[in-house]
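Structure first, commentary second.
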Amino acid sequence: MTYCLGIKLKDGLVGIADTRISAGTSTTVKKKVLVLQDGKASLFIMTSGLRSVRDKAVHYFQELISNGIVYDKMYKAVNAFGEQIKRVGHEDKEALLASGYKFNLNAIVGGQLQNDTEHKLFLLYTEGNWVELDEGSPFAIIGNSGQGKGILNRIIHPGTTMRQALKAGYLSFDSVRVSSNDVEFPIDIVTYLKNSFHITETRFQQQELQQVSSEWNEKLKHYLDEMPEDWIEKIYHQ
């Protein structure tokens with residue numbers, strides 16, 4: 001399983017991806033985010049699903065770019081990556097199904113290309129089709145999302161600052177991590193400031209963020225004790 005989060009804000013984009021890959025009883029660390037940029041165009045791709053499918057689709061997409069194809073708008077690049085997902089599906093789906101595996105690849109793609117008026121964020125599905133995230137739905141999680149949505153639903157809106165989004169995004173990941181055996185550190189965080197055409201990428205180990213997790217746990221306990229209890233009395237006086 002995977003945890004990948006993409007957030008679109010007025011000030012830019014935030015992406016968070018875990019790195020755990022599980023195969024049977026073994027686990028390894030593998031990067032799940034790809035960054036492509038050249039000073040005039042910047043985009044990142046985060047993926048969840050079968051590792052073999054992901055690697056093949058990403059290699060096909062990188063080959064298009066290395067062969068000189070230039071995309072001037074994000075939707076065109078997203079269309080191209082979606083076509084590579086379809087291509088891999090055409091090549092591998094039948095064999096995967098025969099072996100008991102489901103063809104599965106979802107992706108979050110964000111960035112800003114030369115002729116985009118603003119930064120963009122897209123959610124791609126296994127079928128290669130996509131939706132663009134906007135003010136009505138400013139974030140998307142692929143992979144293991146259940147425990148991580150609560151804080152994001154309460155915090156994230158278009159006016160949320162980058163720092164607030166980074167904090168909420170990390171706590172969302174941490175909520176999933178403590179409830180799941182297949183989402184784990186290290187995590188890769190990408191950020192994009194609007195009109196900068198530059199994506200930063202940083203990896204964090206668990207020990208670097210342990211204090212944040214510990215303080216969050218203590219604050220939750222503290223605020224739980226401070227919650228009004230008048231309504232509870234009705235339960236005990238029946």
Side-chain angles (χ1 to χ4, degrees), residues 1-7 13-37 42-63 65-66 81 84-85 88 92 96 99-111 121 123-124 126 139-149 151-152 165-192 198-217:
M1 190 58 77
T2 293
Y3 177 91
C4 290
L5 165 68
I7 306 174
L13 302 169
V14 170
I16 299 177
D18 87 315
T19 56
R20 170 161 288 192
I21 297 291
S22 299
T25 58
S26 65
T27 59
T28 57
V29 171
K30 295 289 185 181
K31 191 175 179 181
K32 299 175 184 175
V33 58
L34 169 71
V35 174
L36 299 170
Q37 55 187 346
S42 299
L43 68 84
F44 64 84
I45 300 173
M46 299 188 295
T47 54
S48 72
L50 286 175
R51 183 73 188 184
S52 62
V53 172
R54 180 265 183 200
D55 286 354
K56 198 171 184 180
V58 167
H59 279 304
Y60 284 166
F61 182 66
Q62 288 180 292
E63 187 175 47
I65 294 174
S66 65
F81 186 60
Q84 305 320 304
I85 295 175
V88 176
D92 294 355
L96 287 169
S99 299
Y101 294 97
K102 182 180 179 181
F103 180 81
N104 181 23
L105 176 63
N106 294 298
I108 295 172
V109 183
L121 190 65
L123 172 63
L124 276 81
T126 299
F139 71 87
I141 302 174
I142 54 176
N144 193 335
S145 62
Q147 297 83 6
K149 284 186 175 180
I151 186 171
L152 297 172
L166 284 165
K167 292 176 184 179
Y170 169 68
L171 294 176
S172 172
F173 157 78
D174 204 43
S175 297
V176 174
R177 180 187 66 85
V178 299
S179 304
S180 171
N181 293 326
D182 49 22
V183 172
E184 191 51 90
F185 283 96
I187 57 172
D188 292 319
I189 297 181
V190 293
T191 58
Y192 177 80
H198 178 68
I199 293 171
T200 64
E201 183 178 7
T202 310
R203 174 162 289 190
F204 290 92
Q205 304 292 337
Q206 183 171 5
Q207 58 268 28
E208 296 179 87
L209 297 172
Q210 185 59 51
Q211 184 179 355
V212 178
S213 299
S214 298
E215 289 191 13
W216 175 247
N217 289 340

With a 4.5 Å heavy-atom cut-off, do Thr27 and Ile21 have their side chains touching?
no
Quick one, Leu105 and Thr47 - any side-chain contact, counting heavy atoms below 4.5 Å?
yes
Would Lys32 and Thr2 count as a side-chain hydrogen bond (donor to acceptor under 3.5 Å, both in side chains) if you check the C-alpha gap in whole Å, the side-chain angles of each, and the deciding distance to 0.1 Å?
CA-CA 9 Å; Lys32 299 175 184 175; Thr2 293; 3.3 Å; yes
Taking all atoms of both residues into account, what is the closest heavy-atom pair of Leu5 and Gly169, and its distance?
CD2-CA, 3.6 Å
Closest approach of Leu13 to Gly110 (non-hydrogen atoms, all atoms of both residues):
CD1-C, 3.8 Å
Okay, side chain of Ser145, backbone of Ile141: is any donor-acceptor separation there less than 3.5 Å?
no
Who are the side-chain hydrogen bond (donor to acceptor under 3.5 Å, both in side chains) partners of Lys31, not counting sequence neighbours?
Glu201
Mind checking whether Leu121 and Val109 have side chains closer than 4.5 Å, heavy atoms only?
no
Restricting to ring-ring contact (aromatic ring centres under 6.0 Å, His included), what partner residues turn up for Tyr192, sequence neighbours left out?
none
Could you walk me through whether Asn104 and Val53 pass side-chain contact (heavy atoms from CB on, under 4.5 Å), step by step?
CA-CA 7 Å; Asn104 181 23; Val53 172; over 6 Å; no
Output all residues satisfying side-chain hydrogen bond (donor to acceptor under 3.5 Å, both in side chains) with Thr200, sequence neighbours left out; order by chain, then residue number.
Thr191
Residue pair Cys4 / Ala17: nearest heavy atoms and the distance that separates them:
SG-CB, 3.7 Å
Distance from Lys167 atom NZ to Trp216 atom CH2, nearest 0.5 Å?
11.0 Å
Quick one, Ser66 with Gln62, criterion side-chain hydrogen bond (donor to acceptor under 3.5 Å, both in side chains). Give me CA distance, side-chain angles, the key distance, then yes/no.
CA-CA 6 Å; Ser66 65; Gln62 288 180 292; over 6 Å; no
What I'd like to find out is whether the side chain of Ile45 reaches to under 4.5 Å of the side chain of Phe61, using heavy atoms alone.
yes
CD (Gln205) with more than 12 external heavy atoms under 6.0 Å
yes
Please enumerate all residues that pass side-chain hydrogen bond (donor to acceptor under 3.5 Å, both in side chains) together with Arg51, with sequence neighbours excluded.
Asp55
Looking at Lys56, I'd like to know if its NZ atom is crowded, meaning that more than 12 non-hydrogen atoms belonging to other residues, nucleotides or ligands lie closer than 6.0 Å.
yes
Taking all heavy atoms of Tyr170 and all of Ile16, pick out the closest pair and write down the distance.
N-CD1, 3.6 Å
Should Asp174 and Val176 count as side-chain neighbours, where that means a heavy-atom distance under 4.5 Å?
no
Hey, mind stepping through Phe103 and Leu50 against side-chain contact (heavy atoms from CB on, under 4.5 Å) and telling me if it holds?
CA-CA 7 Å; Phe103 180 81; Leu50 286 175; 5.7 Å; no
Main-chain N/O of Val212 paired to Glu215 side chain as donor or acceptor, under 3.5 Å
no
May I ask you to test the Thr19-Asp188 pair for a side-chain heavy-atom distance under 4.5 Å?
yes
side-chain hydrogen bond (donor to acceptor under 3.5 Å, both in side chains) filter on Glu63, not counting sequence neighbours, yields none
Contacts of Phe185 that satisfy ring-ring contact (aromatic ring centres under 6.0 Å, His included) - sequence neighbours left out
Phe173
Has Ser180 got a side-chain atom pairing as donor or acceptor with Asp182's backbone, closer than 3.5 angstrom?
yes
Looking at every non-hydrogen atom in both residues, tell me the closest pair between Ile142 and Ala107 and how far apart they are.
CD1-CA, 3.9 Å
Side-chain heavy-atom pair Lys30, Arg20 within 4.5 angstrom cut-off:
no
Separation of Tyr101 OH from Leu96 CG (nearest 0.5 Å)
9.0 Å
Checking the side chain of Ser172 only, and the main-chain atoms of Ala168 only, is there a donor and an acceptor separated by less than 3.5 Å?
no
Under 3.5 Å: donor-acceptor pair, side chain of Ser179, backbone of Ser175
yes
Once you round to the nearest 0.5 Å, how far does CZ of Arg203 lie from CD of Glu208?
11.0 Å
Residue pair Val14 / Val190, side-chain heavy-atom distance below 4.5 Å
no
I'd like to know if the side chain of Gln37 and the backbone of Ile199 have a donor-acceptor N/O pair within less than 3.5 Å.
yes
